[in-house]
Amino acid sequence: MLTRPATTRRVLAGIGLALLLVLGATLPATAGRRADPGAGCPPDQPDCSVWDDEPGNPGDPGGGGDDGGDDGGGGGGGVCQWNGRTIPCYDEDLGWFNNGDGCYYKLTEGPTEPPEGEQWYLQTCNGGDLGAQDVVTLADPPAGFGAPPDPEELARRALASISLLPARLKVAPRKDIGPGLVGLPVWMWATAGKNYFGPLYADESDRGLTVYIEAKVDRIVWDMGNGEKVICYSAGTEYKATGTRAGATSPDCGYDEGYPKADTYDVTATTHWTVNWWTNSDATRRVIPQTRRSGIVQIRINELQVVTR
């Protein structure tokens, strides 16, 4: 009985992967568009569909930057809060918000002359509920009255107007096409497109201040389902069973050493977006980090069987 040397087994393994994927390529594609029906979007982030190439557990549709970022793309950010929600500190119709009593205040004409040293204000309470309006006189402007627009609040409003989508994952080998083999390279890539990778642009203006934002993907961190992670700085390259690199490693986004043992693995990915913002009066760029988690793609890995004689 002769046992083939390790280098020969490796060559056979590469041929095996190429054959598996050539055969798999002739099967009907089952990949499809699937949005997670049970997941909720972050505040003011209307489009946060979760994409997945085959049935599986849906991913987290959004989530704030893990580097100190805010949850999702919450619009109307800043420091004004009412009943657990963030609201604009200034409204063109209602005026300035007072965190102390939950009311907006705007200078207005009253029914009579105000008392000496006081002014009439339109008071809209309950966080801006138009059914809770009154006209009042105050000796001093309420807290927050006349404050300039908060640039970060405008940046987050602009962020809420665009869609940062989680990466739509592709892998080779893939469970629904055919298994891979222990120790062989895995290819990973994601659907390209502006909403998946950027750059995306938006702006928001208030009282002469304009904030501009630019959002683009910095990296994708792939979780291979066995405790190991792979960081890719691009969308990756699609695997082609008839390509010149068939059976070899991916040129830019792959798990080159492959899985060490046979099993079925759940592969997920987290897309890290960098949202830069600046104003028309200050070109200094500030960052709102954002992340989006994709759904699950499964990989089935089998042991390599070598026949010896």
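One-based numbering along the sequence shown.
The heavy-atom pair separating G236 from C253 by the smallest distance is CA-CB, 3.8 Å. A pairwise comparison of heavy atoms in R286 and T284 identifies NH1-O, 3.4 Å as the closest pair. Considering every non-hydrogen atom in both P185 and G247, the closest pair reads CG-O, 4.1 Å. In this structure, P251 and T237 approach most closely via the heavy-atom pair CG-OG1, 3.6 Å. Between W82 and I87, the shortest heavy-atom distance links the atoms CB-CD1, 4.0 Å. The two residues L154 and P149 make their nearest non-hydrogen contact at CD1-CB, 4.4 Å.
Side-chain contact of N195 with S163: a donor-acceptor pair under 3.5 Å is absent, judged by distance alone. Side-chain contact check for T264 and Q298: no donor-acceptor pair (N or O, by modelled atom type) lies under 3.5 Å. Between the side chains of Y104 and N126, not a single donor N or O lies within less than 3.5 Å of an accepting N or O.
Checked by atom type and distance alone, the side chain of N280 pairs as donor or acceptor with a backbone atom of T210 at under 3.5 Å. With K106 contributing its side chain and E92 its backbone, the two residues share a donor-acceptor pair below 3.5 Å. In terms of modelled atom types and a separation under 3.5 Å, the side chain of T137 and the main chain of W120 share no donor-acceptor contact. Here the side chain of D263 pairs no donor or acceptor atom with the backbone of Y265 at under 3.5 angstrom.
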(request) Go through the steps for T108 and V135 under the test side-chain contact (heavy atoms from CB on, under 4.5 Å), then give the verdict. (result) CA-CA 8 Å; T108 189; V135 178; 4.1 Å; yes
(request) Take D252 and S234 through the side-chain contact (heavy atoms from CB on, under 4.5 Å) test and state the conclusion after the steps. (result) CA-CA 7 Å; D252 49 13; S234 69; 3.8 Å; yes
(message) Between W277 and R156, is the side-chain contact (heavy atoms from CB on, under 4.5 Å) condition met? List the steps.
(response) CA-CA 9 Å; W277 65 271; R156 292 184 183 278; over 6 Å; no
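Contact annotation: the side chain of I301 never approaches that of K261 to less than 4.5 Å [non-hydrogen atoms, C-beta and beyond]. In this structure the side chain of Y239 reaches within 4.5 angstrom of the side chain of W189, judged on heavy atoms. For the pair D140/L138, no side-chain contact is recorded, criterion being any heavy-atom separation below 4.5 Å from C-beta on. Between Y255 and E257, some side-chain heavy-atom pair lies under the 4.5 Å cut-off. By the 4.5 Å heavy-atom criterion applied to side chains, I213 and D203 are not counted as neighbours. Side-chain contact check for W187 versus R245: some heavy-atom pair is nearer than 4.5 Å. At a threshold of 4.5 Å between non-hydrogen side-chain atoms, the residues W273 and R292 count as touching. Considering only heavy atoms from C-beta on, E153 comes within 4.5 Å of P88 through its side chain.
Between the CZ atom of R157 and the CD atom of E204 there is a distance of 5.5 Å, given to the nearest 0.5 Å. Atom-to-atom distance recorded for R85:CZ and C80:SG is 11.5 Å, nearest 0.5 angstrom. The CG atom of L181 sits 6.5 Å away from the CG atom of N302 when rounded to the nearest 0.5 Å. Here L164 contributes atom CG and T271 contributes atom OG1; the two are 10.0 Å apart, rounded to the nearest 0.5 Å. The distance from the OG atom of S250 to the CD atom of E238 is 11.5 Å, given to the nearest 0.5 Å. Distance check: H272 NE2 to I220 CD1 gives 9.5 Å after rounding to the nearest 0.5 Å.
A salt bridge links E214 and R285; the closest N-O separation between the charged side-chain nitrogens and carboxylate oxygens is under 4.0 Å.
Taking hydrophobic clusters as Ile, Leu, Val, Met, Phe, Trp and Tyr residues chained together by side-chain heavy-atom distances below 4.5 Å, Y233 shares a cluster with V221. Both V275 and I162 are members of a single hydrophobic cluster when ILVMFWY side chains are connected at heavy-atom separations under 4.5 Å. Hydrophobic clustering (ILVMFWY, side-chain heavy atoms < 4.5 Å, transitive): Y212 and L209 are in distinct clusters. Residues L94 and F97 share a hydrophobic cluster, clusters being chains of Ile/Leu/Val/Met/Phe/Trp/Tyr side chains in contact below 4.5 Å. Both V182 and Y259 are members of a single hydrophobic cluster when ILVMFWY side chains are connected at heavy-atom separations under 4.5 Å.
Proximity of the aromatic rings of Y90 and W96 is defined here by a centroid distance below 6.0 angstrom, and this criterion is met.
Aromatic ring orientation, Y121 versus F145: perpendicular (interplanar angle above 60°, classes split at 30° and 60°).
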